[in-house]
Protein chains: 2
Amino acid sequence: MAKGSKRISIQDLAAELGLSVSTISRALNNAVDVSDATKAQVWALAEKLNYQPNSMAASLRSGRSNVLGVIVPHINGAFFPAVVHGIERLASQAGFNVMICQSSEEVDREKKHINALLKAQVDGVLVSMSNTTRDFAHFEQVRRKGIPLVFFDRMPDIPNVCGVVADDYRGAYQLTEHLIAQGCRRIAHLAGPQHLNITFNRHQGYHDALLKHGLPYEKALVIPLANSREKAGAAATEQLLAGPARPDAIFSAYDFAAAGALRVLEEHGIRVPQDMALAGFSNEPFTTMVKPQLTSVDQHGELMGEAAVQLFLQLQKRSDTFTGQRIVLKPKLMIRESSLHGQAATTKSQ
Amino acid sequence: MAKGSKRISIQDLAAELGLSVSTISRALNNAVDVSDATKAQVWALAEKLNYQPNSMAASLRSGRSNVLGVIVPHINGAFFPAVVHGIERLASQAGFNVMICQSSEEVDREKKHINALLKAQVDGVLVSMSNTTRDFAHFEQVRRKGIPLVFFDRMPDIPNVCGVVADDYRGAYQLTEHLIAQGCRRIAHLAGPQHLNITFNRHQGYHDALLKHGLPYEKALVIPLANSREKAGAAATEQLLAGPARPDAIFSAYDFAAAGALRVLEEHGIRVPQDMALAGFSNEPFTTMVKPQLTSVDQHGELMGEAAVQLFLQLQKRSDTFTGQRIVLKPKLMIRESSLHGQAATTKSQ
DNA sequence: TTGAAAGCGCTAACAA
DNA sequence: TTGTTAGCGCTTTCAA
């Protein structure tokens with residue numbers, strides 16, 4: 001019941017064994033220049049007294065904390081959790097602890113987190129920007145301190161910055177081509193914010209695929225989404241249906257928004273995919289639970305997380321924070337019922 | 001481009017201003033016994049030189065880190081992210097940073113995280129147990145150090161432990177009563193592991209509601225789930241359908257498993273809810289995306305997170321880690337199409 | 001209102 | 001192979 005009961009320190013061990021603190025320190029860190037006998041002795045006593053090293057002291061002295069800071073916009077949906085999982089796996093394997101922070105899509109919280117991580121002396125920072133981030137001074141601040149900085153998924157537009165992204169352009173391009181191949185000619189796009197690389201590229205891929213196949217790019221068919229949620233998708237779809245000429249396909253920049261679209265289409269008695277094909281982006285688990293199952297694009301979240309850690313490890317080794325290296329992951333089309341004409345009703349993907 | 005460019009410390013400020021380090025320290029911490037003029041001077045210089053306090057040094061000296069450690073089993077689905085969100089909100093409001101760790105349902109990782117958090121001198125630990133945790137020595141270790149320990153959702157069975165839980169028993173009880181009120185007489189249960197309080201209580205609530213209403217509790221209608229996922233729910237449902245007497249309702253301890261059940265029922269041509277009612281637990285967002293919309297129970301994740309932080313703050317103040325206080329949140333039934341007989345086909349909940 | 005000084009627990013030269 | 005020693009950057013008595 002005793003609160004405190006006094007923490008055991010390296011000195012206590014030294015006193016108990018009649019050794020010096022430095023020997024204890026070396027033994028605990030399994031240094032080569034300590035006799036096995038001594039090590040065994042030290043470890044045994046540490047075990048017995050339930051010695052708990054104080055990593056603050058170690059970090060203060062050594063300048064390294066063995067902590068990796070991670071900032072994500074949120075952990076809703078399946079994508080960011082998957083990335084975080086990948087990060088944790090590889091980081092802990094490399095001996096790092098991970099400190100996860102959510103910006104909640106607010107640039108102010110992002111800045112606060114950056115500050116907290118710097119104060120905590122993290123050895124590196126992995127970030128996926130919030131969608132309200134427009135200036136990047138707080139990121140530069142990290143680099144100026146010589147701390148490895150790696151972005152994933154959402155990258156700022158600054159020179160020589162490192163990061164891992166999915167090839168959103170290619171995913172969107174291929175998805176649009178797929179819709180065209182299914183016979184769609186008037187393909188609408190529910191678009192995310194155009195200042196973010198990911199959603200900009202999704203729109204761009206859609207745009208270029210249309211032109212490549214001789215289809216017009218119609219402004220009226222591109223509806224900006226208020227956010228990535230169901231409701232926003234529903235609202236955008238209502239807007240689309242209220243327009244003069246109905247599209248024959250909808251490509252949403254987000255799965256959740258696509259789910260909203262699906263609901264609205266159903267309410268209007270519009271059959272998917274017979275009357276209108278539908279596709280989203282991210283390959284959320286629910287895409288296989290709805291009816292019809294939703295076509296989407298997988299972004300390899302876990303892989304992205306692992307790649308980000310690898311990039312960090314490289315940066316750390318090179319002691320040169322400005323390589324500007326980028327890793328681009330190939331997206332994977334997940335074609336499902338919602339975009340399959342003809343055989344649609346019976347097909348089950350995978 | 002300069003790596004390092006030497007960190008500014010409190011001493012640099014002192015030298016520059018011709019003051020002592022202690023005055024600087026006090027000024028920075030806005031202590032009462034420093035003149036406003038001095039404070040202004042110090043703050044201005046700190047700002048100008050972009051001074052970044054070293055929280056390691058501060059923690060080492062003061063023994064407080066202002067960091068709260070959080071261990072969750074995973075961040076899939078919507079529940080734990082919601083809790084984490086609640087925790088972050090209140091914790092950051094109270095001046096704490098939050099360190100989130102995932103145990104990935106592995107007791108070994110849980111132990112490793114506990115150790116890392118203790119080494120990092122966190123001021124408190126909030127935990128939701130992994131489902132492989134059977135002995136609780138690593139938790140006792142935290143309390144023995146006098147560090148506030150608060151559980152949420154999944155609590156171990158140890159005396160005097162603090163925590164926040166949803167009233168799973170009551171949620172399951174009411175849900176079962178609802179199914180009975182809908183005319184169901186043979187209600188099956190897809191059950192989670194019985195060594196965890198949450199799923200034990202869900203089963204118990206189901207059990208007691210049956211008896212209360214004069215219905216028999218049939219072992220054959222209770223199928224243990226391998227895990228909480230869709231696949232496990234599908235397998236359990238297959239098993240149920242292969243049995244001699246078909247149930248007229250399924251109450252799954254998890255929403256995801258219920259989604260699996262829904263798929264299997266559809267494959268068998270069994271209509272929901274006409275031929276079989278269906279309900280899950282957690283109120284995952286996808287429950288309103290599937291057809292029919294899934295009845296479920298909401299657990300107020302965000303509120304739970306906030307309550308956990310409040311409990312921590314209390315513990316910290318009382319300097320007494322053994323109050324054994326528990327907060328129980330009332331669950332909320334979310335009745336939807338999948339369990340509504342009669343008006344089912346047309347009803348939309350909320 | 002300010003300063004001097006001790007020390008949190010550990011690491012890493014350097015010496016022996 | 002082990003010991004001595006000097007801090008890492010900060011907080012916090014105690015004294016002025």
Side-chain angles (χ1 to χ4, degrees), chain A residues 4 6-43 45-46 49-67 95 116 118-123 145-146, chain B residues 4 6-43 45-46 49-67 115-116 118-123 145-146:
Chain A
K6 223 231 154 197
R7 238 193 132 81
I8 297 263
S9 85
I10 215 174
Q11 326 228 25
D12 301 321
L13 301 183
E16 186 94 7
L17 292 175
L19 290 167
S20 72
V21 288
S22 47
T23 304
I24 304 291
S25 172
R26 283 186 286 243
L28 290 172
N29 289 313
N30 204 5
V32 286
D33 55 358
V34 179
S35 74
D36 291 345
T38 308
K39 280 183 190 172
Q41 226 184 351
V42 173
W43 293 346
L45 185 66
L49 298 184
N50 191 24
Y51 166 73
Q52 201 87 36
N54 182 333
S55 53
M56 303 249 120
S59 303
L60 176 59
R61 178 61 232 239
S62 66
R64 289 171 280 105
S65 65
N66 283 330
V67 172
L118 289 180
K119 286 206 302 183
Q121 310 276 100
V122 294
D123 291 344
K145 289 220 152 43
Chain B
K6 221 227 155 202
R7 241 193 129 81
I8 297 261
S9 84
I10 214 174
Q11 326 230 22
D12 300 322
L13 302 183
E16 187 94 6
L17 292 176
L19 290 167
S20 71
V21 287
S22 40
T23 303
I24 304 291
S25 171
R26 282 187 286 244
L28 290 173
N29 290 314
N30 203 6
V32 285
D33 55 356
V34 178
S35 72
D36 289 347
T38 309
K39 279 184 191 172
Q41 226 186 353
V42 173
W43 292 347
L45 185 66
L49 298 184
N50 190 24
Y51 166 71
Q52 201 87 36
N54 182 333
S55 52
M56 303 250 123
S59 305
L60 176 59
R61 177 61 232 242
S62 67
R64 288 170 280 105
S65 65
N66 284 330
V67 173
N115 272 317
L118 289 180
K119 287 206 301 184
Q121 310 276 100
V122 293
D123 292 343
K145 290 218 153 41

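Hydrogens, waters and symmetry mates are skipped; everything else that's a heavy atom, side chains included, is used. Here is the naming used below: chain letters follow the sequence lines, and residue numbers restart at 1 for every chain.
With rounding to whole Å, A/Ile24 atom CD1 is found 13 Å from D/dT4 atom P. Taking atom CG of residue A/Leu13 and atom P of nucleotide C/dG9, one finds them 12 Å apart after rounding to whole Å. In this structure, A/Met56 atom CE and C/dT11 atom C1' are separated by 16 Å, rounded to whole Å. Rounded to whole Å, the distance from CD1 on A/Ile10 to C1' on D/dG3 is 13 Å. Here D/dT11 presents its P atom at 14 Å from CG of B/Asp33, a figure rounded to the nearest Å. Atom CG in B/Leu60 sits roughly 9 Å away from atom P in C/dC10 (whole-Å rounding). C/dT1 atom C1' lies 11 Å from atom NZ of B/Lys39, rounded to whole Å. Between the CD1 atom of B/Ile8 and the C1' atom of D/dC8 there is a distance of 16 Å, rounded to whole Å.
Taking 4.0 angstrom as the limit, B/Tyr51 places a side-chain polar atom (N or O) nearer than this to OP1 or OP2 of D/dC10. An OP1 or OP2 oxygen of C/dT2 is reached within less than 4.0 angstrom by a side-chain nitrogen or oxygen of B/Ser35. Between A/Ser9 and the phosphate of C/dG9, there is no side-chain N or O to OP1/OP2 separation shorter than 4.0 Å.
The shortest non-hydrogen separation linking A/Ile10 to A/Tyr51 is N-CE1, 3.8 Å. Of all the heavy atoms in B/Lys145 and B/Leu118, the pair that sits closest is CD-CD2, 4.4 Å. Minimum heavy-atom separation, B/Leu60 to A/Ala57: CD1-CB, 3.7 Å.
Looking at A/Gln52 and B/Asn115, their side chains come closer than 4.5 Å, going by heavy atoms from C-beta outward. Under the 4.5 Å side-chain criterion, counting only non-hydrogen atoms from C-beta, A/Ser9 is in contact with A/Asp12. Proximity of A/Val34 to A/Val42: side-chain heavy atoms (C-beta onward) are nowhere separated by under 4.5 Å. The shortest distance between side-chain heavy atoms of B/Met56 and A/Ser59 falls below 4.5 Å.
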I would like to know whether B/Asn50 and B/Ile8 meet side-chain contact (heavy atoms from CB on, under 4.5 Å); could you show each step before the answer? CA-CA 8 Å; B/Asn50 190 24; B/Ile8 297 261; over 6 Å; no
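Within the nucleic acid shown, B/Asn54 comes within 4.0 Å of sugar-phosphate atoms alone, with no base atom in reach, counting heavy atoms only. Within 4.0 Å of A/Thr38, counting heavy atoms only, lie sugar-phosphate atoms of the nucleic acid but no base atom.
Atom-to-atom distance recorded for A/Trp43:CH2 and A/Thr38:OG1 is 11.0 Å, nearest 0.5 angstrom.
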Check the interface with nucleotides 12-14 of chain D: list each N/O to N/O pair with the protein under 3.5 Å, or write none.
{"unit_1": "D/dT12", "atom_1": "OP1", "unit_2": "B/Arg64", "atom_2": "NH2", "d": "3.4"}

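End-to-end axis angle for the helix from C/dT1-D/dA16 to C/dA16-D/dT1, using five pairs per end and rounding to 10°, comes out at 30°.
Residue A/Gly18 is the one, among B/Ala58 and A/Gly18, whose nearest nucleotide of DNA chain D lies closer to the 5' end (criterion: closest heavy atom). Each of B/Val32 and A/Gln52 lies near DNA chain C, and the nucleotide nearest B/Val32 is the one positioned closer to the 5' end.
Which of D/dT4, C/dC10, D/dG9 sits closest to the side chain of A/Ser20 comes down to D/dT4.
Here B/Asn30 pairs with B/Lys39 under the side-chain hydrogen bond (donor to acceptor under 3.5 Å, both in side chains) rule; sequence neighbours left out.
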